[in-house]
4 protein chains.
Amino acid sequence: MTKLTLAAANTLIEAAFKKAAEAGMKPLTVVVLDAGGHPKAFQKQDGSSMLRYEIAAGKAYGALAIGMDSRALEPMAKDRPHFIEGLNAVSGGRIVPVPGGVLIKDSAGEILGAVGITGDTSDNDELCAFAGIEAAGFMQK
Amino acid sequence: MTKLTLAAANTLIEAAFKKAAEAGMKPLTVVVLDAGGHPKAFQKQDGSSMLRYEIAAGKAYGALAIGMDSRALEPMAKDRPHFIEGLNAVSGGRIVPVPGGVLIKDSAGEILGAVGITGDTSDNDELCAFAGIEAAGFMQK
Amino acid sequence: MTKLTLAAANTLIEAAFKKAAEAGMKPLTVVVLDAGGHPKAFQKQDGSSMLRYEIAAGKAYGALAIGMDSRALEPMAKDRPHFIEGLNAVSGGRIVPVPGGVLIKDSAGEILGAVGITGDTSDNDELCAFAGIEAAGFMQK
Amino acid sequence: MTKLTLAAANTLIEAAFKKAAEAGMKPLTVVVLDAGGHPKAFQKQDGSSMLRYEIAAGKAYGALAIGMDSRALEPMAKDRPHFIEGLNAVSGGRIVPVPGGVLIKDSAGEILGAVGITGDTSDNDELCAFAGIEAAGFMQK
């Protein structure tokens, strides 16, 4: 895949939900942002809590902000909290620096967007992001 | 329908897209918010411009804010612009006062959420909202 | 009354609701702010739309901001919109410049707070504010 | 109870105040938010300090944000402060991660809203929340 079409984004979301269902995870919220950080598609499963859209988007936005999965933001937040706080300041408060935000790339390594997932543990959220990206024919590395 | 489930929200979005395709409309962006103004599902068709999520959500949020379809906000914006500006101020800038934001109700008239659509003319956007609401088994009056 | 106690604020709110019920008005939202603009008491009747707290508070805050009922803000918003926009800017977006926000004074004319009401027409909202202030033993002039 | 009516919210607040009075607690501030995080009712007892509305609402909003009592937010804030800071960023600064924010559920376990209380110790605030929820016929688990 070389374009983040709506069809591809929906495939990604469905595959993430499928992965979560198979593993017996909690209800998930999945958002796909394009390369400019703007939402392309989004679904929030029944039983998810109130602020899940913002959390999911905050992981994906954080990944796009620095060009690395949001997993990379967590040690930065621990070691240099002022940097993440600065990122939140200049982004207008749009970043949640925990795993679950994963870049969506094409086979040439170009960034097409990012997916953000929340609802289960951050590690599980990220696994579902990987599954979704693969199912939709994208790369995450 | 008495609950705004994810399945129902997705049905609503698909029906809105179908209506637009049949009528040869431009690419649409459709967002479904729950009764508290929080996103439940969202899809942006290929070819839509950058800020369409925010515009669609702004119509739906405006409808929920005052309990009337966003069509009712447009004459207010013309006759009493300071009121709509005040609404935008106290909502943190979340309202777009033009048609295309329609309340989603159950058969008892209770507000379950709102759909916001943008992409074609505001009148056409609203027609697609009506079609989606009907297809998903909800009421808009 | 010389103090805006919780008991007095609750009496004010109940009297505003009573006035509205007697006149067959729509469901109201009533907030009482203290002289510093901080909420003291608040009630939102069943059937009120989503953003009514913010609208009611926006009227009361606007009244306190300039020391006049929010009715005085409406002609300013029409004649000098840049002034109201400036007020909203410096207040962090907290002002809705339409009638329904009324100062609460003691018999010496000192400002003790303000009440903000929304739900029916702005004129009716204001009538309920007057009724509440009188019932609680305060002055509004 | 299956609906968070204004009557029920007022009953909840009165019962929380009664519990505090019986135990000789400090003046309390109690806010009831609906499931979408919007205020339904609120009272601040005489002698409470300036920012108590915001603190009480911040506990209740935090509970709704992640679908757990705000007590669960405190260890997160200690162990992963960047996560809570991220929550505050994406919520526009609306979360106070200490005990005293408790979910309001119906007998089927569905979240109807949340109550936030501040004024005494966080543990005591929470006890009053429990008392209010029970008195109003709701569940908190």
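Chain letters run A, B, ... following the sequence lines, proteins first and then strands; every chain starts at 1.
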Which of residues 10-28 of chain C get closer than 4.5 angstrom to chain D, counting heavy atoms alone?
C:N10, C:F17
Expected contact set for residues 130-141 of chain C against chain D at heavy-atom separation under 4.5 Å reads none
Going from CZ on D:F42 to NZ on C:K40, what distance comes out if it is rounded to the nearest 0.5 angstrom?
8.0 Å
For chain D, which of C:T5, C:D34, C:V31 has the most heavy-atom pairs under 4.5 Å?
C:T5
Counting only non-hydrogen atoms closer than 4.5 Å, can you tell me which residues of residues 49-78 of chain D sit against chain C?
D:M50, D:L51, D:Y53, D:E54
Quick note, side chain to side chain donor-acceptor pair (under 3.5 Å) partners involving residues 93-113 of chain D, not counting sequence neighbours, are B:K3-D:E110
Considering all heavy atoms, the nearest D:Q43-C:L6 contact
OE1-CD2, 3.6 Å
Can you tell which of D:G36, D:P39, D:A7, D:A41 has the highest number of heavy-atom pairs within less than 4.5 Å of chain C?
D:P39
